[in-house]
Amino acid sequence: MSIQSIIKGTGSYLPSKILTNADLEKMVDTSDEWIVQRTGIKQRHIVSEGETTSTLAIEAAKQALDASGLEASEIDGVIVATTTPDLTFPSVAVHVQAALGLPSKMAFDVQAVCTGFVYALSTAHSFLQTGMAKNILVIGAESMSTLLNWDDRTTCVLFGDGAGAVVLGESHDTSRGILSTHLYADGTHKDILCTTGGVSKTQTAGTIQMQGRDMFKQAVTLMHNVVEEALSTNGLTDADLDWLVPHQANIRIISATADKLGLSMDKVVVTVADHGNTSAASIPLALDQAVRDGRIQDNQLILLEALGGGLTWGAALLRF
Ligand code: UT7
């Protein structure tokens, strides 16, 4: 009997502290007008003293577990997509495992920057397909604010913190579940979005630097290619899609992708105005929001897509 991977529950968490564009105007030479016009971002949530990527991930995971109706004892693994772990090691995943009292099964982090959640979901899907696990908590969690150079206006206005989670579990109902996932990376572009340091090179975490225009160009082309590939692989077209849940880096990239697909923005889940770019957390945060407010319903066709540092990019097509 074939095994399907279905999303059994979703959850998310945002730190309570909000940084508005007006706040940023007092910190760097920028304006609300520039940020809104160029990115669509109006505010972002950021961690306060005592909050870390793990604390965000744990809250999102609790919600997803609750929504799934499963017991902690039924979770076979935790995969956290993050670029901003509390510590270099151990992983954020083991923090979540310990906090939720999950069984001593696999727990590890995946690092593919903004594409991390799509990579993590695809990894979990593979474990379910091979029968190695029945239910996996898949989390995207980031504290991007801790990696920012607050004097660099070209990056510090873009990012935010948060976490989103899903329980991906096996099902034998062949009408639902993940249809396909598509993962890519091109290391020849590794320098266009990167940090200025890292453990083995500088013994620091460094801060984010980005060649924004180059990223923008890559994003529009590669996102379009990967979403078309996801649809055509399954013999589907844009018209079949109920929802596009894209990585939330910039409203102009999201609109361009929707435009190229011929998809109305009414079918796109957009959170970038309120969350900024939360890297690996952005897709599960947007997904959870649209599930909780009733937009996303069972059996709908959902396309997730992302692009980030690496370059990495990817998509997942699923029947919710
Ligand atoms: O999540 C990973 C994926 N991330 C992305 O895909 C991000 C992709 N890139 C982008 O979203 C956009 O390129 C940005 C939002 C980062 C920048 O927008 P842009 O329209 O590409 O602006 P730009 O970099 O071409 O800069 C235009 C001008 C420059 O001034 P000059 O050289 O024209 O005088 C910048 O110095 O805007 C200036 N600028 C700012 N002005 C006010 C750059 N940042 C700011 C700022 N406030 N915060």
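Here the structure is a predicted model, which is why all the values come from computation and not from measurement. Order of appearance sets the numbers: ligands from 1, and atoms from 1 within every ligand.
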Counting non-hydrogen protein atoms only, what is the nearest one to [atom]? Give residue, atom name and distance.
atom: atom 9 (N) of ligand 1; answer: Gly212 O, 3.0 Å
atom: atom 10 (C) of ligand 1; answer: Asn250 ND2, 3.6 Å
atom: atom 38 (C) of ligand 1; answer: Arg153 NH2, 3.7 Å
atom: atom 22 (O) of ligand 1; answer: Arg38 NH1, 3.3 Å
atom: atom 18 (O) of ligand 1; answer: Arg252 NH2, 3.5 Å
atom: atom 33 (O) of ligand 1; answer: Arg213 NH2, 4.8 Å
atom: atom 4 (N) of ligand 1; answer: Ala249 CB, 3.8 Å
atom: atom 17 (C) of ligand 1; answer: Trp34 CH2, 3.9 Å

- Please determine which of Asp288, Ile7, Val245 meets the side-chain contact (heavy atoms from CB on, under 4.5 Å) test together with Ile296. Val245
- Item | Separation of Ile46 CD1 from Thr278 OG1 (nearest 0.5 Å) | 13.5 Å
Distance below 4.0 Å between [atom] and any protein heavy atom?
atom: atom 20 (O) of ligand 1; value: yes
atom: atom 6 (O) of ligand 1; value: yes
atom: atom 31 (P) of ligand 1; value: no
atom: atom 27 (C) of ligand 1; value: yes

- Aromatic plane relationship, Trp313 with Tyr184 - under 30° parallel, 30 to 60° tilted, over 60° perpendicular: parallel
Side-chain donor-acceptor pair present, [X], [Y], cut-off under 3.5 Å:
X: Asn21; Y: Arg44; answer: yes
X: Asp173; Y: Ser171; answer: no
X: Glu142; Y: Ser279; answer: yes
X: Thr207; Y: Asp152; answer: no
X: His172; Y: Thr174; answer: no
X: Thr20; Y: Asp23; answer: yes
X: Ser54; Y: Asp86; answer: yes
X: Thr146; Y: Thr84; answer: no
X: Ser5; Y: Gln129; answer: yes

Considering only heavy atoms of [X], which atoms of ligand 1 have at least one such atom less than 4.0 Å away?
X: Thr154; answer: 43 (C), 44 (N)
X: His247; answer: 1 (O), 2 (C)
X: Thr39; answer: 15 (C)
X: Ile253; answer: 6 (O), 8 (C)
X: Leu193; answer: 2 (C)
X: Cys114; answer: 1 (O), 2 (C)
X: Asn277; answer: 1 (O), 2 (C)

- Item | Polar contact flag for Ser31 and ligand 1 (N/O pairs, less than 3.5 Å) | no
- Determine whether Ile75 and Leu65 make a side-chain contact, defined as any pair of heavy atoms from C-beta on separated by less than 4.5 Å. yes
Please work out, at 4.0 Å between heavy atoms, whether the side chain, the backbone, both, or neither of [X] comes within that distance of ligand 1.
X: Ile35; value: neither
X: Val157; value: side chain
X: Gln218; value: neither
X: Val113; value: neither

- Message: Do Phe117 and Met223 land in one hydrophobic cluster if side-chain heavy atoms of ILVMFWY residues count as linked below 4.5 Å?
- Response: no
